[in-house]
Amino acid sequence: CIMSKKIIRLTESELKRLIIEAVKNSLNEGIRINRTKEGNFVTFDDSENGLIDGPVVGEITLPQSNLKVTTYSMFKRVGAKNASDANPLLFALKRKNNWTLTNLDAFWERFGEILTLFLRDHSLEKIVMLPSTHDVNSIFASKIKELSPDTIIYEGFLTKLSVEEIEESIDEPNSYFRQYWLNKGGQAELDAAHELLQSYLNKMEDGIFSYSSIPSMELRKSIINTLKLTELGERYCDEINGKDILLLDDSIAAGQTAESAINALNQCYTPNSISLITLFSQKF
């Protein structure tokens, strides 16, 4: 580490401590992190430091249609500039990358209190869950069902596109991806973006597309359709058309997954309205 032209020697433990502090200061999550050889242990401290208790109301505007979608966040992240899904607290809830939440009951108890406030002011009829490989969405849905037994929750309506399907869609002559990068900097910019995206697509596990595998937020913004309806979803048109629909997802970073879900639903359904409820959001 070089500061003021002086070489500063750090032990491995000191370096880890500095990294942890940098993560905490940049994300300002309102949590405590303890890193050991066994993993990363996160304690939710139930404070207002870095998390605003919801329901926080926000709005997403879809780039293709200018449709405005209301969002409701149980917790809103603050002080997290350009954050994505790289959220220690969410990692811990998803049991991802050796992150563990040490006081899980306390977190879900606080979440239940906030959700109760939301349900007091909103009558929920039909919820569509976004696809997830983790159980956070399912826990979220079960908490809603527990507090609002008459709410119908649909699982398996939407599925992620494969890497091959994404590759085909962005190569179409009039794709949003092509237009986005051509407008930004012409053919050279498009070629560079395409090459960079391909390097990320090649690393995606099981051949399934995932925004979380793309660190560039600019690149993410140029890919707007990543979900499609399943056969199950296509069979429920009569139950969705003309209804107020609430999408459920565990987090919103830039909103691309939500936009993809709304685009997929609007291709086959004519809902009266679409809103979105989430556990965490950064800017919505």
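Just so we're clear, the structure is a prediction, and the values are computed from it rather than from any experiment. Starting from 1, each residue takes its place in the sequence as its number.
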Taking atom CD of E234 as the centre, report whether more than 12 heavy atoms of other residues, nucleotides or ligands fall under 6.0 Å from it.
yes
Applying a strict under-4.5 Å side-chain criterion to I, L, V, M, F, W and Y, I'd like to know whether [X] and [Y] cluster together.
X    : Y    : value
I170 : I208 : no
Y72  : V136 : yes
L147 : L248 : yes

Heavy atoms only: give me the nearest [X]-[Y] pair and the separation to one decimal.
X    : Y    : answer
A141 : I153 : O-CD1, 3.4 Å
K221 : Y176 : O-CE2, 3.6 Å
A92  : L101 : CB-N, 3.5 Å
L279 : F140 : N-CE1, 3.4 Å
D238 : K243 : O-NZ, 4.0 Å
I245 : P271 : CG1-CB, 3.9 Å

Could you give the distance from OG (S169) to CZ (R178), rounded to the nearest 0.5 Å?
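Here the interatomic distance stands at 12.0 Å.
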Mind checking the NZ-OG1 spacing from K228 to T230? Nearest 0.5 Å is all I need.
9.5 Å
Using the test ring-ring contact (aromatic ring centres under 6.0 Å, His included), find all partners of Y236 that sit at least two apart in sequence or belong to another chain.
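So Y236 forms a ring-ring contact (aromatic ring centres under 6.0 Å, His included) with Y154, F157.
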Quick one: side chains of residues 111-121, donor-acceptor pairs under 3.5 Å with protein atoms, not counting sequence neighbours, listed by atom name and distance.
unit_1 : atom_1 : unit_2 : atom_2 : d
E113   : OE1    : R110   : NH1    : 2.5
T116   : OG1    : G112   : O      : 2.8

Report the C-alpha separation of E59 and T71 in whole Å, then their side-chain angles, then the decisive distance to 0.1 Å, and conclude whether the side chain to side chain contact (heavy atoms under 4.5 Å, CB included) test is met.
CA-CA 5 Å; E59 190 174 76; T71 65; 5.8 Å; no
Could you point out which residue of I277, T278, V57 forms a side-chain contact (heavy atoms from CB on, under 4.5 Å) with S73?
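So the option named by the test is T278.
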Starting from the C-alpha separation in whole Å, work towards a yes-or-no answer on side chain to side chain contact (heavy atoms under 4.5 Å, CB included) for D249 and T257.
CA-CA 9 Å; D249 198 11; T257 301; 4.2 Å; yes
Find out whether K94 and D250 are in side-chain contact, i.e. whether some heavy atom of one side chain is under 4.5 Å from a heavy atom of the other.
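Touching, per the 4.5 Å side-chain cut-off.
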Heavy-atom side-chain contact between K126 and L246 under 4.5 Å:
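No, too far: nothing below the 4.5 Å cut-off.
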